[in-house]
Amino acid sequence: TWTAAHGFLQCGPDMKNQPFLHSFLYAVQGVRTALREERNLRFHVCTAFYVYVFSLFYEFTCTEYCLITMMVGGVMALELVNSSLERAVERPVPERYMTAGAVKDMAAGAVLVFSIASAVCGVLLFWDPAAFARMWRFFLRWPALAVVLAATLVLSFRFIFGKKGE
């Protein structure tokens, strides 16, 4: 059951009688918890931020942005599933220890496979020397924005790796 320590919602055995909106609130709470406690999800969020920032230098179609969004969303969704499975099998009984390890490894493997496929799609979409030249000219013209971008890298590093106990 959720407690005040886990978030703003309380639930118990009668969850099915809760209003429909509560299911969305529980989902948001799950994402918030994962962002707070899961380093890999924070990494994927930061990566998504830079993907969308650099996409501004491209003339992507609506379909290409849909593909990018599906890849970003897919990686994050799989990371949430992976994290939840890891927690579900965190302390298995001795006779289930090997199965629990296999579940964790397979869930992590699903994230890895989708992340590699997304990276390949990203390279195919983003590999454009003309766009690289546009970025270079843009940051030469607006060096303060290059500094801001560099500062966001520092902030992203702190966001990803700055959490205690991970």
- request: Sequence neighbours left out, what passes salt bridge (Lys or Arg N to Asp or Glu O under 4.0 Å) with Arg87? Give chain and number order.
  value: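 Result, salt bridge (Lys or Arg N to Asp or Glu O under 4.0 Å) vs Arg87: Glu37, Glu38.
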
Minimum side-chain heavy-atom gap [X]-[Y] below 4.5 Å:
X	Y	value
Phe54	Leu149	yes
Met71	Ile68	yes
Thr33	Arg36	yes

Taking only residues two or more places apart in sequence or in another chain, which ones pass side chain to side chain donor-acceptor pair (under 3.5 Å) with [X]?
X	result
Thr63	none
Ser84	none
Thr99	none
Ser156	Tyr50

Without placing hydrogens or testing angles, list every side-chain donor-acceptor pair under 3.5 Å for residues 120-140, not counting sequence neighbours.
residue: Asp128; atom: OD1; partner: Ala130; partner atom: N; Å: 3.1
residue: Arg134; atom: NE; partner: Phe57; partner atom: O; Å: 3.0
residue: Arg134; atom: NH2; partner: Phe57; partner atom: O; Å: 2.8

query: Val148: which other cluster members, linking ILVMFWY side chains closer than 4.5 Å, directly or transitively?
result: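 None, because no other hydrophobic side chain comes under 4.5 Å of this residue.
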
- prompt: Taking ILVMFWY side chains as joined if any heavy atoms are under 4.5 angstrom apart, and letting links pass through other members, which residues group with Phe114?
  reply: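 The other cluster members (ILVMFWY side chains, heavy atoms under 4.5 Å, direct or chained) are Val75, Leu78, Val111.
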
field: Ring geometry between Phe157 and Phe161 (parallel below 30°, tilted from 30 to 60°, perpendicular above 60°)
entry: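 Taking Phe157 first and then Phe161, their aromatic rings sit tilted (interplane angle of 30° to 60°).
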
message: On a heavy-atom basis, which atom in His44 and which in Glu79 lie closest, and how many Å separate them?
response: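 Closest pair (atom of His44, atom of Glu79, distance): NE2-OE1, 3.5 Å.
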
task: Any ring-ring contact (aromatic ring centres under 6.0 Å, His included) involving residues 65-103? Give me the pairs, sequence neighbours left out, ordered by first then second residue.
output: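 Qualifying pairs, neighbours excluded: Phe60-Tyr65.
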
- prompt: Does Arg39 reach the main-chain N or O of Ile160 with its side chain, forming a donor-acceptor pair under 3.5 Å?
  reply: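 No: the side chain of Arg39 does not pair with the backbone of Ile160.
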
task: Name all pairs fulfilling the salt bridge (charged side-chain N to carboxylate O under 4.0 Å, His left out) condition that reach into residues 91-105, sequence neighbours left out, sorted by first residue then second.
output: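 Passing the test, one end in residues 91-105: no pairs.
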
query: For Ala108, what residues pass the side-chain contact (heavy atoms from CB on, under 4.5 Å) criterion, not counting sequence neighbours?
result: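 Scan of Ala108 (side-chain contact (heavy atoms from CB on, under 4.5 Å), adjacent residues dropped) gives Asn82.
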
task: Just jot down the side-chain contact (heavy atoms from CB on, under 4.5 Å) partners of Val31, sequence neighbours excluded, or say none.
output: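 Expected list: Leu35, Leu80.
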
message: Between Val72 and Met76, is the side chain to side chain contact (heavy atoms under 4.5 Å, CB included) condition met? List the steps.
response: CA-CA 6 Å; Val72 165; Met76 288 188 203; 3.6 Å; yes

